[in-house]
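All values below come from the heavy atoms of this structure, side chains included, with hydrogens, waters and symmetry mates left out. Every chain is numbered from 1, with letters handed out A, B, ... down the list of sequences.
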2 protein chains.
Amino acid sequence: MLSKKTKYGIKALTFLARQEDQTPVAIADIAKSETISLKFLESILLLLRHSGFLGAKKGKGGGYYLIKEPKDINMAHVYRILEGPIALLPCASHNFYEPCADCSDETTCAVRKLMTEVRDNTLLILENNTLADIAF
Amino acid sequence: MLSKKTKYGIKALTFLARQEDQTPVAIADIAKSETISLKFLESILLLLRHSGFLGAKKGKGGGYYLIKEPKDINMAHVYRILEGPIALLPCASHNFYEPCADCSDETTCAVRKLMTEVRDNTLLILENNTLADIAF
DNA sequence: ATATAATCTACTATTCCGATGGGGTAATAG
DNA sequence: CTATTACCCCATCGGAATAGTAGATTATAT
């Protein structure tokens, strides 16, 4: 299951992508419009800023805004930042690989075989979707 | 992330599928071979029996065995029993559908759009894989 | 100067997972 | 009959992760 963090993060990105111009939007406005806990959203937007998706402006009239164009924001990238590994098992992950303690032979593990196939396909879909694809 | 319950369940099914003949295998034997907590595995196998995948035989020489042939065991079915919904969001699930409390309009929700695409694809893969496909 | 709004740290409450252990019942092989 | 093994229910427990909260600080527009 997708965490609320990821869900809220994508919703916020979508909200910003759907803005007319790219003037900063206050956290409170996004939170209200998308029904998200203000403080929780705060931490998510901060993470997205540190990850290079968003810019921020402090003070009156400040807020967050997209740094890149929606069509240049890859959803696999977003997913990895917010949710973590795309694979359902650490042993089937590229970016977050970890062996299973209970697995004697990875090459004959049926679970890994299946989850690797799922992973490859999910990755393909996420990589082929940009923020523009899902927001519009 | 896949729960250990699902992981262990699939490993147990695989173990049974790889048996020479279909004489019952004691829980303890599976647990030892696959490094799974005995009591935990017990509850998983019970669930798989109630779901029609396994048969059980009590008493000496008893244990669990596959009821159907591995090629007739669909991994999407197994996944739903052990893990639950295939979709990463309840609003993108067929069998476990639930609307999001925070979502005003499902049809324009970008997260749902993306997760539906992921779901459709994952389902396709799970449905096209049988226990025989991953065990051998 | 003042109000606004992001930043950052730290904290809390709740929930779930994986596992453990107890205890007893029912079926079956020898 | 006896040993074995599945069945079944329950209670607990630590640890991790989620989701959300509080409060103080910093930057900026007016």
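The residue S3(B) sits close only to the backbone: its heavy atoms come under 4.0 Å of sugar-phosphate atoms, none of a base. Nucleic acid contact class of K4(A) (heavy atoms, under 4.0 Å, all strands): sugar-phosphate only.
Using modelled atom types, one finds no donor on one side chain facing an acceptor on the other under 3.5 Å when comparing E98(B) with S93(B).
Summarising the local packing, NZ of K68(B) is surrounded by more than 12 heavy atoms from other residues, nucleotides or ligands at distances under 6.0 Å. Residue K113(A) qualifies as enclosed at atom NZ: its count of foreign heavy atoms under 6.0 Å is above 12.
Following rounding to the nearest Å, L46(B) (CG) and dC10(D) (P) show an atom-to-atom distance of 13 Å. Summarising the geometry, the separation between CG on L47(A) and C1' on dC8(C) is reported as 14 Å, rounded to the nearest angstrom. Rounded to an integer number of Å, the gap from D102(B) CG to dA19(D) C1' is 13 Å. With rounding to whole Å, K58(B) atom NZ is found 19 Å from dA3(D) atom P. Straight-line distance from the NZ atom of K7(A) to the C1' atom of dT18(D): 14 Å, rounded to whole Å. Rounding to whole angstrom units, CD1 of residue I44(A) and P of dC8(C) are separated by 16 Å. Protein atom NZ of K39(B) is 13 Å distant from nucleotide atom P of dG24(C), rounded to whole Å. The CG-P distance, from L45(B) to dT5(D), rounds to 15 Å in whole Å.
Between K60(A) and dA27(D), a side-chain N or O to OP1/OP2 separation shorter than 4.0 Å is absent. Residue K5(A) has no polar side-chain atom (N or O) positioned under 4.0 Å from OP1 or OP2 of dG20(D). Put simply, S43(A) has no side-chain N or O that comes within less than 4.0 Å of OP1 or OP2 on dC8(C). For dA19(C), the OP1/OP2 oxygens have a side-chain nitrogen or oxygen of Y8(B) closer than 4.0 Å. Contact annotation: R49(A) does not reach the phosphate of dA5(C) (side-chain N/O to OP1 or OP2, under 4.0 Å).
Across the interface with DNA chain D, nearest-nucleotide mapping of E42(B) and L2(A) shows E42(B) to be the residue nearer the 5′ end. Heavy-atom nearest nucleotides on DNA chain C were determined for G62(A) and for F40(B), and the one closer to the 5' end corresponds to G62(A). With DNA chain C read from its 5' end, the first of the two nearest nucleotides for H50(A) and G61(A) is the one closest to G61(A).
With hydrogens and angles disregarded, a donor-acceptor distance shorter than 3.5 Å links the side chain of N128(B) to the backbone of L124(B).
The CG atom of L123(A) lies 13.0 Å from the CE atom of M75(A); values are rounded to the nearest 0.5 Å.
Side-chain proximity of I27(B) to the nucleotides dA6(D), dA29(D), dA29(C) is greatest for dA6(D).
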